[in-house]
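For reference, the structure discussed in these notes is given below.
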Amino acid sequence: MTSELAKSQISATIVDDIEHLKGTYAGYRRAHARGVCYDATFTPSGEAAALTTAPHLQSTPVPATVRFSHTDTNPHLRDADRAVRGFATKFHLPDGGTTDLIGVNLDRFVASTPEQFRELIQAAQPDPVTGKPDLQNVRAYAGAHPTAGPGLAAAAVIPTPVSYASATYWAIHAFFWRNAAGEACAVKYRWVPDAGNVNITPEEGAGWSATHLAEELAERLKAGPAGFTLVIQLGEEGDNTDDSTQVWPADRTEITAGHLSITGEAADQEHWADQVFDPTQLPEGIEVSADPVLAARSTIYAVSYDRRIHKR
Ligand code: HEM
């Protein structure tokens, strides 16, 4: 069996597992089902230009499309609930191509490999009697994979932001940048909100509508754009680049790659909702790391795309 075939088979199996765990919502993404798309402009600072030839990280602003989302497979869950949020950006490049950068408001993942993620889904299956996941099984998963523990613990207490524009979002995986001289460096990305990190208590969200965060952002954008700074952490010798449960030390050198200004809702929501945001869709000057979760996401998202586009 070729590794490509192996990858596509485990990807289909993982999507089956997610459907089995969470149910199927025809026509929706199998994760991050509910989202809204926005128009934006990314203005590079120029600081990244010495480290990468990527066209959107030089000196010319580029248009971008952003999709904010609720992580669940069920598109009808309430925004006030504790949940991971997504921030997917599609940069529109000068040559007509695109590149995607996908973040969540969590700094690390909950599995080191797609196979581990499958184990986690199995561990989270509801008990047939109580209808709820058996926490012993999730604890056993964390015990068997100690590096997954911090991500799981952080996800369990993740705060709800007052706005999509008031959370920090991490792209989690390491990538490699390559400059004009052919030199490579390891990088990690995060979006830091101009509005600061501002969260609610679950009680404060009691009066929210299910889709409060999209309504709040629509109101906020009437007063002006919502902004995020793209901060890059530069890896050093020995920093892990292939395990998305690992973060780098906080004292690593950081640069500001640019600023994103979100201006309003995209006119054609249906068109943008149909698109795939794929973290391995990269221009010259940016390369994937050997992180197996990153490698699998492309085929997993293609399987989800195929099902939702055929209204399954
Ligand atoms: C094995 C691990 C993972 C699995 C099985 C998985 C599964 C999925 C699936 C099925 C989708 C829907 C794709 C589509 O229909 O277009 C999705 C979207 C998404 N995933 Fe993942 N994912 C994984 C890892 C991650 C990681 C590490 C991140 C962190 C950045 C992430 C963030 C997102 C976001 C933000 C979206 C929504 C993108 C959009 O708005 O189109 N995922 N994921």
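Worth saying up front: this structure is predicted, and the values here are computed from it rather than measured.
No donor-acceptor distance shorter than 3.5 angstrom exists from the side chain of Ser244 to the backbone of His173, with no hydrogens or angles considered. Listed for the Asn197 side chain is a donor-acceptor partner under 3.5 Å among the backbone atoms of Thr168. Proximity of a side-chain donor or acceptor of Trp177 to a complementary backbone N or O of Gly285 within less than 3.5 Å is not detected. When atom types are taken as modelled, the side chain of Gln58 and the backbone of Thr52 share a donor-acceptor pair closer than 3.5 angstrom. Between the side chain of Arg252 and the backbone N or O of Leu234 there is no donor-acceptor pair closer than 3.5 Å. With hydrogens and angles disregarded, no donor-acceptor distance shorter than 3.5 Å links the side chain of Ser166 to the backbone of Gly196. Using modelled atom types, one side-chain atom of Asn105 and one backbone atom of Arg85 make a donor-acceptor pair closer than 3.5 Å. Judged by distance alone, with hydrogens and angles left aside, the side-chain atoms of Ser45 form a donor-acceptor pair with the main-chain N or O of Thr256 at under 3.5 Å. Between the side chain of Thr229 and the backbone N or O of Val231 there is no donor-acceptor pair closer than 3.5 Å. For Lys188 (side chain) and Ile232 (main-chain N/O), no donor-acceptor pair under 3.5 Å exists by modelled atom type.
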Item to check | Gln125/Leu21 under side chain to side chain contact (heavy atoms under 4.5 Å, CB included): CA gap, chis, key distance, verdict | outcome: CA-CA 6 Å; Gln125 293 294 337; Leu21 177 68; 3.9 Å; yes
Next on the checklist: Run the side chain to side chain donor-acceptor pair (under 3.5 Å) test on Asp39 and Thr263 for me, step by step, so that the C-alpha distance in whole Å, both residues' side-chain angles and the decisive distance to 0.1 Å come before the verdict.
Outcome noted: CA-CA 6 Å; Asp39 295 325; Thr263 48; 5.3 Å; no
Item to check | Criterion side chain to side chain contact (heavy atoms under 4.5 Å, CB included) on Val293 and Ile172, from CA distance to verdict | outcome: CA-CA 11 Å; Val293 171; Ile172 295 187; over 6 Å; no
Item to check | Residues Val15, Ile300; criterion side chain to side chain contact (heavy atoms under 4.5 Å, CB included); working and verdict | outcome: CA-CA 7 Å; Val15 176; Ile300 291 168; 3.9 Å; yes
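Separation of atoms CD (Gln233) and CZ (Arg190) is listed at 6.5 Å; rounding is to 0.5 Å. Atoms CD and CD1, on Gln116 and Ile121 in that order, are 12.5 Å from each other to the nearest 0.5 Å. Going from atom CG of Asp72 over to atom CZ of Arg30 covers 13.0 Å, rounded to the nearest 0.5 Å. Atom OG1 of Thr24 and atom CZ of Arg308 lie 14.5 Å apart (nearest 0.5 Å). Atoms CD and CG, on Glu265 and Leu221 in that order, are 8.0 Å from each other to the nearest 0.5 Å. Put simply, CG on Leu260 and CG on Leu230 are 8.5 Å apart, with the number rounded to the nearest 0.5 Å.
Within the 4.5 Å cutoff, the side chain of Ile255 has heavy atoms near those of the Leu51 side chain. Within the 4.5 Å cutoff, the side chain of Pro161 has heavy atoms near those of the Asn199 side chain. Asp291 is not listed as a side-chain neighbour of Thr241, based on a closest heavy-atom distance of 4.5 Å or more. Residues Tyr301 and Pro279 are in side-chain contact: their nearest non-hydrogen atoms beyond the backbone lie under 4.5 Å apart. With a 4.5 Å cut-off on side-chain heavy atoms, Pro249 and Asp239 count as touching. The shortest side-chain heavy-atom distance between Asn74 and Tyr28 does not fall under the 4.5 Å cut-off. Side-chain contact check for Asp17 versus Phe117: every heavy-atom pair is 4.5 Å or farther apart. Under the 4.5 Å side-chain criterion, counting only non-hydrogen atoms from C-beta, Thr245 is not in contact with Pro150.
Closest approach of Leu282 and Thr99 over heavy atoms only: CA-OG1, 3.6 Å. Minimum heavy-atom separation, Val110 to Leu120: CG2-CD2, 3.6 Å. For Ser163 against Leu213, the heavy-atom pair with the smallest separation is CA-CD2, 3.8 Å. Nearest heavy-atom pair across Arg78 and Ala206 is NH2-O, 3.8 Å. Closest approach of Tyr141 and Ala148 over heavy atoms only: CE2-CB, 3.8 Å. Between Ala64 and His92, the closest heavy-atom pair is CA-CD2, 3.6 Å.
Counting non-hydrogen atoms of other residues, nucleotides and ligands closer than 6.0 Å to NE2 of His20 gives a total of 12 or fewer. At most 12 non-hydrogen atoms from other residues, nucleotides or ligands lie less than 6.0 angstrom from OH of Tyr305.
Between the side chains of Arg67 and His32, no donor-acceptor pair of N or O atoms lies under 3.5 Å. Judged by distance alone, the side chains of Ser112 and Asp243 do bring a donor and an acceptor atom under 3.5 Å apart. Side chains of Arg118 and Thr13: a donor-acceptor N/O pair is absent below 3.5 angstrom, by distance only. No hydrogens or angles considered: nothing links the side chains of Asp242 and Ser289 as a donor-acceptor pair under 3.5 Å. For the residue pair Asp194 / His259, a side-chain donor-acceptor distance below 3.5 Å is found, with atom types taken as modelled.
With Tyr189 as reference, Phe175 is the one residue of Phe87, Phe175, Trp248 to meet the ring pair (Phe, Tyr, Trp, His ring centres under 6.0 Å) rule. Screening Gln275, Gln281, Lys90 against Asp100 for a side chain to side chain donor-acceptor pair (under 3.5 Å) leaves a single residue, Lys90.
Ring to ring, Tyr164 and Tyr38 are not that close: their centroids are 6.0 angstrom or more apart.
Look at Arg34 and Asp79 and you find a salt bridge, because one of the NZ, NE, NH1 or NH2 atoms lies within 4.0 Å of a carboxylate O, short of that distance. Salt bridge present: Asp306 and Arg312 bring a charged side-chain N and a carboxylate O closer than 4.0 Å.
Aromatic ring orientation, Trp208 versus His212: parallel (interplanar angle below 30°, classes split at 30° and 60°). Between Tyr169 and Phe68, the angle of the ring planes lies from 30° to 60°, which puts this pair in the tilted group.
Under a hydrophobic-cluster definition in which Ile, Leu, Val, Met, Phe, Trp and Tyr are linked whenever side-chain heavy atoms come within less than 4.5 Å, directly or via other members, Ile102 and Ile14 are assigned to different clusters.
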